[in-house]
Protein chains: 2
Amino acid sequence: MNTRDKIILLGDNLIRKRGYNAFSFSDISKELNIKNASIHYYFPTKTALVIAIIQKHLILLEKFKEKVSEKDSVQKIIKFLSVYSITKSEGRISILGSLSNDYFTFTAEVQTELKILTNNTLNWLTDTLKEGRQQGFFHYDMEDRKKALIIITNILGAEQLSRVTDNYDFHKIKEAIINDLIK
Amino acid sequence: MNTRDKIILLGDNLIRKRGYNAFSFSDISKELNIKNASIHYYFPTKTALVIAIIQKHLILLEKFKEKVSEKDSVQKIIKFLSVYSITKSEGRISILGSLSNDYFTFTAEVQTELKILTNNTLNWLTDTLKEGRQQGFFHYDMEDRKKALIIITNILGAEQLSRVTDNYDFHKIKEAIINDLIK
DNA sequence: GTCTATACCTTGATAGAC
DNA sequence: GTCTATCAAGGTATAGAC
C-alpha cells in the first residue's frame with residue numbers, strides 16, 4: 001500500500017475511534033514513521049484528508065452494492081448490517097456516525113460530501129427494503145424510506161451506545177432489526 | 001444564575017452542539033465576558049467541567065422521573081421522547097449521544113460517570129416499558145431491556161443523522177417508535 | 001472572584017534543502 | 001517524496017496581584 005493510502009486508512013481509523021477533532025497529523029506521522037510535513041505533501045489541509053476519506057467510503061459503498069447485487073433482499077440486508085458490525089470492531093464506529101457527530105465543525109465542502117455519502121447509503125437501503133417488501137420477504141407498514149431511516153439510525157445509535165454499555169448490546173439490536181423485518 | 005451554573009450551561013450546549021473536543025474554555029469566557037482564568041477558578045480542568053455537566057444531567061434525570069411518576073406509562077414515554085426532541089433544537093443532540101461519541105478520549109473517571117448516567121436512563125426506560133407492557137399498554141415480544149436499548153439507540157442515531165439529512169426525519173422516527181409500542 | 005501575565009504544549013501549516 | 005526548520009495560533013493550565 002502506498003503512503004497516501006496508508007494515511008487515508010489511519011485517518012479513517014482514528015476518526016472512527018476517537019473522532020475528527022481528537023486526532024492530529026502527528027498521530028498519523030508517528031505511526032508511519034514519517035514527518036508531519038510529509039502528510040501535508042499528500043493532503044495540504046486536514047479538510048482535504050477528511051474529504052479523501054469520505055470519498056473512499058463512497059467508492060466502498062459502490063463496490064458493496066455491486067457485490068451484493070445478485071443476492072436476494074434478505075441476504076443484502078444481512079450483508080449490509082454485517083459491514084457495520086465489522087466496522088465497529090475495537091470500538092470503531094461507522095464513518096457516517098462519527099462524522100455526523102462533528103457535522104457543525106466542518107467546512108461546507110465536507111458537509112456536502114457527507115450528505116452525499118449519507119444519501120447514497122439511505123437510497124440503497126430504501127430501494128432494497130422496497131424490493132424485499134414487494135417480493136414478500138419483508139413486512140412493515142410505513143414508507144420504505146421511513147423504515148430505512150429507522151434501521152440506519154438504530155445502527156448508528158447502537159454503535160455509539162455500545163461503547164458505553166456493552167458490545168453485546170450491538171448484536172442484540174442487529175438481531176432485533178432482522179427479526180422485525182421478516183416477522 | 002451564578003457564574004458557575006452559567007459555565008456549566010454553556011459547556012453543556014457547546015458539547016451537545018459541537019462535541020467535547022471541539023470547544024475550548026475561550027468559547028465560554030468570551031460568551032460570559034470573563035477571562036479563561038476565571039473558569040479555572042470554578043473548574044480546574046476541562047475534565048472537572050465535563051464531570052459537573054454529567055452530574056447536572058443525573059440530577060435532571062432524577063427530577064424528570066419524579067415529575068412523571070404519577071403519569072401512566074404511555075405518557076411517561078411520550079414525555080421521555082419529548083425531552084430528546086427539545087434537546088435536539090438548534091442541532092444540539094443529547095448529552096448521552098454526544099459524550100458516547102468521544103468516549104475513548106475521556107479519562108476513566110469521566111467514562112465512569114457517563115456509564116452511570118447511561119445506566120440510570122436505561123434502567124428507568126426498561127422499568128417503564130415493563131410497567132406499560134404488564135398493564136397492557138405496550139405490545140412487544142422481547143426482553144424489556146432489549147426494547148429499551150432499541151428505543152434509546154434509535155433516538156441517539158436519529159439525533160445524529162438528522163443533522164445531516166433533515167430535521168423532520170427526527171419527528172418521523174419518534175412517531176414510529178410510539179406507534180410500534182402501542183400498535 | 002476576577003484579573004493580568006505568562007508558561008508550556010500541540011496544532012495545522014509552510015518554505016526550502018536534499 | 002521526504003526531510004529540517006520554523007511559524008502563528010490556539011489550547012490547557014498556573015501564579016500571584018487586586
Side-chain angles (χ1 to χ4, degrees), chain A residues 1-56 98-99 101-111 113-114, chain B residues 1-54 56 98-99 101-111 113:
Chain A
M1 198 186 300
N2 62 37
T3 305
R4 187 176 189 275
D5 289 341
K6 283 181 190 165
I7 293 169
I8 289 178
L9 182 61
L10 281 170
D12 188 33
N13 285 343
L14 284 163
I15 285 174
R16 285 162 45 215
K17 177 91 185 214
R18 298 170 56 82
Y20 179 79
N21 293 302
F23 89 93
S24 70
F25 277 25
S26 87
D27 292 325
I28 295 176
S29 60
K30 278 175 196 159
E31 183 72 25
L32 292 183
N33 280 312
I34 56 177
K35 299 297 163 184
N36 107 66
S38 304
I39 300 180
H40 281 282
Y41 168 77
Y42 295 98
F43 304 101
T45 64
K46 201 179 176 186
T47 290
L49 174 56
V50 70
I51 287 175
I53 291 169
I54 296 174
Q55 283 168 350
K56 185 192 76 170
S98 179
L99 294 182
N101 222 263
D102 298 323
Y103 190 73
F104 294 121
T105 71
F106 291 138
T107 64
E109 197 187 358
V110 177
Q111 290 181 344
E113 290 294 314
L114 183 54
Chain B
M1 198 185 299
N2 61 38
T3 304
R4 187 175 189 277
D5 288 342
K6 284 181 189 163
I7 293 169
I8 289 178
L9 182 61
L10 282 170
D12 187 33
N13 285 342
L14 285 164
I15 286 174
R16 284 162 45 214
K17 177 91 186 216
R18 300 171 55 82
Y20 179 79
N21 294 302
F23 89 94
S24 70
F25 277 24
S26 86
D27 293 323
I28 295 176
S29 59
K30 279 175 195 157
E31 184 74 26
L32 292 183
N33 280 312
I34 56 178
K35 299 297 164 183
N36 108 68
S38 303
I39 300 178
H40 281 281
Y41 167 76
Y42 295 100
F43 304 101
T45 65
K46 203 178 174 186
T47 291
L49 174 56
V50 70
I51 286 175
I53 290 170
I54 295 173
K56 185 192 77 169
S98 179
L99 294 182
N101 224 265
D102 299 323
Y103 189 74
F104 294 121
T105 71
F106 291 138
T107 63
E109 196 188 359
V110 177
Q111 291 182 344
E113 290 294 314

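Below, chains carry the letters A, B, ... as their sequence lines are ordered, and counting in each starts from 1. Just the heavy atoms: all of them, side chains too, but no hydrogens, waters or symmetry mates, feed the values below.
Looking at heavy-atom distances under 4.0 Å, B/F43 makes no contact with the nucleic acid at all.
Distance alone, capped at 3.5 Å, is enough to place a donor-acceptor pair between the A/D102 side chain and the A/Y20 backbone. Although no hydrogens or angles enter the test, the distance criterion places a donor-acceptor pair under 3.5 Å between the side chain of B/Q111 and the main chain of B/Y103. No donor-acceptor pair under 3.5 Å is formed between the side chain of B/N101 and the backbone N or O of B/S98.
The NZ-P distance, from A/K6 to D/dG1, rounds to 13 Å in whole Å. For the pair B/H40 NE2 and C/dT4 C1', the computed distance is 15 Å after rounding to whole Å. In this structure, B/I39 places its CD1 atom 11 Å from P of D/dG11, rounding to the nearest Å. When rounded to the nearest whole Å, the span between OH of A/Y42 and C1' of C/dA13 equals 17 Å. If you measure from atom CG of B/L14 to atom C1' of D/dT12, you get 16 Å, rounded to the nearest angstrom.
Taking the six-membered ring where tryptophan is involved, the planes of A/F25 and A/H40 are tilted, since the angle between them lies from 30° to 60°.
Of all non-hydrogen atoms in A/L99 and A/I54, the two that sit nearest each other are CD1-CG1, 3.6 Å.
For A/T3 and D/dT2, the shortest distance from a side-chain N or O to OP1 or OP2 is below 4.0 Å. Note on A/Y41: every side-chain N or O is 4.0 Å or more away from OP1 and OP2 of D/dT2. Regarding contacts with the backbone of D/dG10, every side-chain N or O of B/S26 stays at 4.0 angstrom or more from both OP1 and OP2.
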Trace of the side-chain contact (heavy atoms from CB on, under 4.5 Å) decision for A/I8 with A/Y42:
CA-CA 10 Å; A/I8 289 178; A/Y42 295 98; over 6 Å; no
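For the segment residues 27-38 of chain A, the set of residues with a heavy atom within less than 4.0 Å of an atom of DNA chain D comprises A/N33, A/I34, A/K35, A/A37, A/S38, in numerical order.
Just one of A/N13, A/L10, A/N36 meets the side-chain contact (heavy atoms from CB on, under 4.5 Å) condition when paired with A/I28; it is A/L10.
Note that the two end axes of the helix from C/dG1-D/dC18 to C/dC18-D/dG1 enclose an angle of 10°, each drawn from 5 base pairs, rounded to 10 degrees.
Across C/dA13, D/dA13, C/dG1, the shortest atom-to-atom separation from the side chain of B/K46 is found for D/dA13. Distances were taken from every side-chain heavy atom of A/F25 (C-beta onward) to each of D/dT2, C/dG12, C/dG1; the shortest belongs to C/dG12.
Within a 6.0 Å sphere centred on CD of A/E31, heavy atoms belonging to other residues, nucleotides or ligands number 12 at most.
Among residue pairs with one or both ends in residues 2-14 of chain A, those qualifying as salt bridge (charged side-chain N to carboxylate O under 4.0 Å, His left out) are A/D12-A/R16, A/D12-A/K56; sequence neighbours excluded.
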